[in-house]
Asker: 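Sharing a structure, written as structure tokens. Questions coming.
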Amino acid sequence: MDEDVLTTLKILIIGESGVGKSSLLLRFTDDTFDPELAATIGVDFKVKTISVDGNKAKLAIWDTAGQERFRTLTPSYYRGAQGVILVYDVTRRDTFVKLDNWLNELETYCTRNDIVNMLVGNKIDKENREVDRNEGLKFARKHSMLFIEASAKTCDGVQCAFEELVEKIIQTPGLWESETQNKGVKLSHREEGHGGGACGGYCSVL
Amino acid sequence: MPIPQPGTREPLAQSVVPVSQGETIFSFTTFLASYLGFATTPQFLEQLLGSTLSSISVTWTHQCTEDFYPPLNIPSLKLKPEPGLIPAPEERPPSVMTLELQLAPEATSVCTETEKSKTKEQLPSVMMFSPKLVAEQLTLKDSELFCKVAPFECLGSIWSQRNKKGKENLAPTVRATISQFNKVAGCVITTCLGDHSMNAQDRAKTMEHWIKVARECLGLGNFSSSHAILSALESFPLHRLRKTWRAVSRKCSKHFKDLCGKDKVLIRDPLIKVGTSKLEKNPQRAQMRLRKQKKGVVPFLGTFLTDLQMLDAAMEEYVDGNVINTKKKMKEVKVLQEMQLLQVAASNYRFQHEQQFQMWFQLLEGLSEKESYHLSCQLEPPSQ
């Protein structure tokens, strides 16, 4: 184990198909993918170590691109996640409209209510924009999410998105320290009396 | 397969042609599944003209009927369709879905209106059918669908287009597989939640039954339905039913845990199960071995879709301007080759349709995700 790594965080990338989730993930990690290697080590996530404010965190980033239509998203997928990146495509309004469904899903499945959510408006390098920045920001505010616009193509904003998310997670007491002992089957905190599905109340500085 | 040299389409096509003259057609069939990523059908076809078209065109028209639709307009060639292979001019190309419906009419013709009017409660319980029978019947359907999957539809550059306007009919063979997968998952959830007269003990028995079915599916090498069943048992509406899970026998709970562990490995590398692996250098040898072994396999298609999507996002289509990125193509071809190997294995099953189960499966109306969640909360309220 890396001695200087503060913690390992589980991050999920979700959103409609074709919004560029896998590109976002690849631009942030090493930009490579090898199906044979993935099969050999049997992983469905990519790992990257990131340094924020002098703290090193190892990120395990999960992405199910290509599988959105399978009825497979189970609590075990969401279990133990500290951060969620919810992606839409600024050139496709339908992907923005569907955000409500994804939030419902998150609220239903997430095992804790202090999980940090970030909204990412992707593909800002394209010209035919259908969702303007303010709409995205407004939606993020309403649902207490961090917000950033990015382009996986030009790498614009990609690093920043992950850094901001990790920073917020590290600043949220109790979200990451206790996670290591928390590996058993655990039913939703929300169900066990914390009530409500509202997130912590942070909003982007952007 | 000879490695295509980096360059434009022409050298790539030429480097593929000699393959068909040799002893194997396997690499060529894989190539057919991937060429749409960088050339149109007329472009590619014209490249092949004057060489060995006759020896391969039969395979091509048989394997990828839809490539020849709408009718091609190539000045140097008159393509004479074999009767029955090329569709009559219509608005859109034939989808395998449509073909499949014609071939397997039980979905529509077997279910008469009177039968459809039966309510969920009137249908017999899934416990009527032994786990072995259920697993075999699911495998029969899954393998049929997987064999029909057109590999090129799984390519990241194609499958990622599925939600775009006007692409609603894209990748019908992939959609058919996904819809069967979801139907199986829905069936598990519905049989555990849909009957109001059941108590926690009954529901636990039904869950145990499905755990046994999942076990049988894994034994049969059907990783698609086993994954569907295990995902359903882990889905939120079922996973949260603590009272019910408490009533599940210790032995079955242990099996369930073991199965979930195996499932994670096997959906990643289904070839392990049939004794070959991705590392097999000679696809023909692997193919021969699979045929001899007579072992069937149905992989979980989602793994291929994710891998191909990631590959597509990780590598550029063109390098240095307009030069096709052959590295990418070779990697894609490798994945498609593995799929085709598995299609050979999927055709090894020899089960017969069992009318009663198939009808039951068709008639079962699955609960929506919302309904399932609602019913689950009725059974065990969230505040408990």
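In what follows, every chain begins at residue 1, and chains take the letters A, B, ... in the order their sequences are listed.
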Asker: What are the two closest heavy atoms between B/Thr306 and A/Gln67, and how far apart are they?
Answerer: OG1-NE2, 2.8 Å
Asker: Nearest 0.5 Å, please: how far is CZ in A/Arg71 from CD1 in B/Ile178?
Answerer: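 Spacing of CD1 (B/Ile178) from CZ (A/Arg71) equals 14.0 Å.
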Asker: What residue, out of B/His227, B/Met315, B/Glu369, has the most heavy-atom pairs lying under 4.5 Å from chain A?
Answerer: B/Glu369
Asker: Output all residues satisfying side-chain contact (heavy atoms from CB on, under 4.5 Å) with B/Lys262, sequence neighbours left out; order by chain, then residue number.
Answerer: B/Leu218, B/Leu266
Asker: Could you walk me through whether A/Arg69 and B/Arg175 pass side-chain contact (heavy atoms from CB on, under 4.5 Å), step by step?
Answerer: CA-CA 9 Å; A/Arg69 283 169 188 267; B/Arg175 285 175 201 260; 3.8 Å; yes
Asker: With only heavy atoms counted, which part of B/Ile189 is less than 4.5 Å from chain A, the side chain, the backbone, both or neither?
Answerer: side chain
Asker: Kindly compute the distance separating CD (B/Glu234) from OH (A/Tyr77), expressed to the nearest 0.5 Å.
Answerer: 14.0 Å
Asker: When only heavy atoms count and the cut-off is under 4.5 Å, which of residues 12-19 of chain A reach chain B?
Answerer: A/Glu16, A/Ser17, A/Gly18
Asker: A quick test of your reading: do over 12 heavy atoms of other residues, nucleotides or ligands sit less than 6.0 Å from NZ of B/Lys183?
Answerer: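 Yes, enclosed.
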Asker: Any idea which heavy atoms bring A/Ser22 and B/Gln309 closest together, and the distance?
Answerer: OG-CG, 3.6 Å
Asker: In terms of heavy-atom pairs under 4.5 Å, which option from A/Gly66, A/Gly20, A/Ser23 contacts chain B the most?
Answerer: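 That would be A/Gly66.
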Asker: Rounded to the nearest 0.5 Å, how far does CG of B/Leu230 lie from OG1 of A/Thr72?
Answerer: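 If we round to the nearest 0.5 Å, A/Thr72:OG1 and B/Leu230:CG are 12.0 Å apart.
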Asker: Which bit of B/Gln161 is near chain A, if near means a heavy-atom gap under 4.5 Å: side chain, backbone, both or neither?
Answerer: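 No part of B/Gln161 comes within 4.5 Å of chain A.
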Asker: Measuring from atom CZ of A/Phe70 to atom OG1 of B/Thr303, what distance do you get when rounded to the nearest 0.5 angstrom?
Answerer: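 Result: 8.0 Å between the selected atoms.
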Asker: Check the surroundings of atom CD in B/Glu316: do more than 12 heavy atoms from other residues, nucleotides or ligands lie under 6.0 Å from it?
Answerer: no
Asker: Report the distance from atom CE of B/Met310 to atom CG of A/Asp63, rounding to the nearest 0.5 Å.
Answerer: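 Reported to 0.5 Å precision, the distance equals 5.5 Å.
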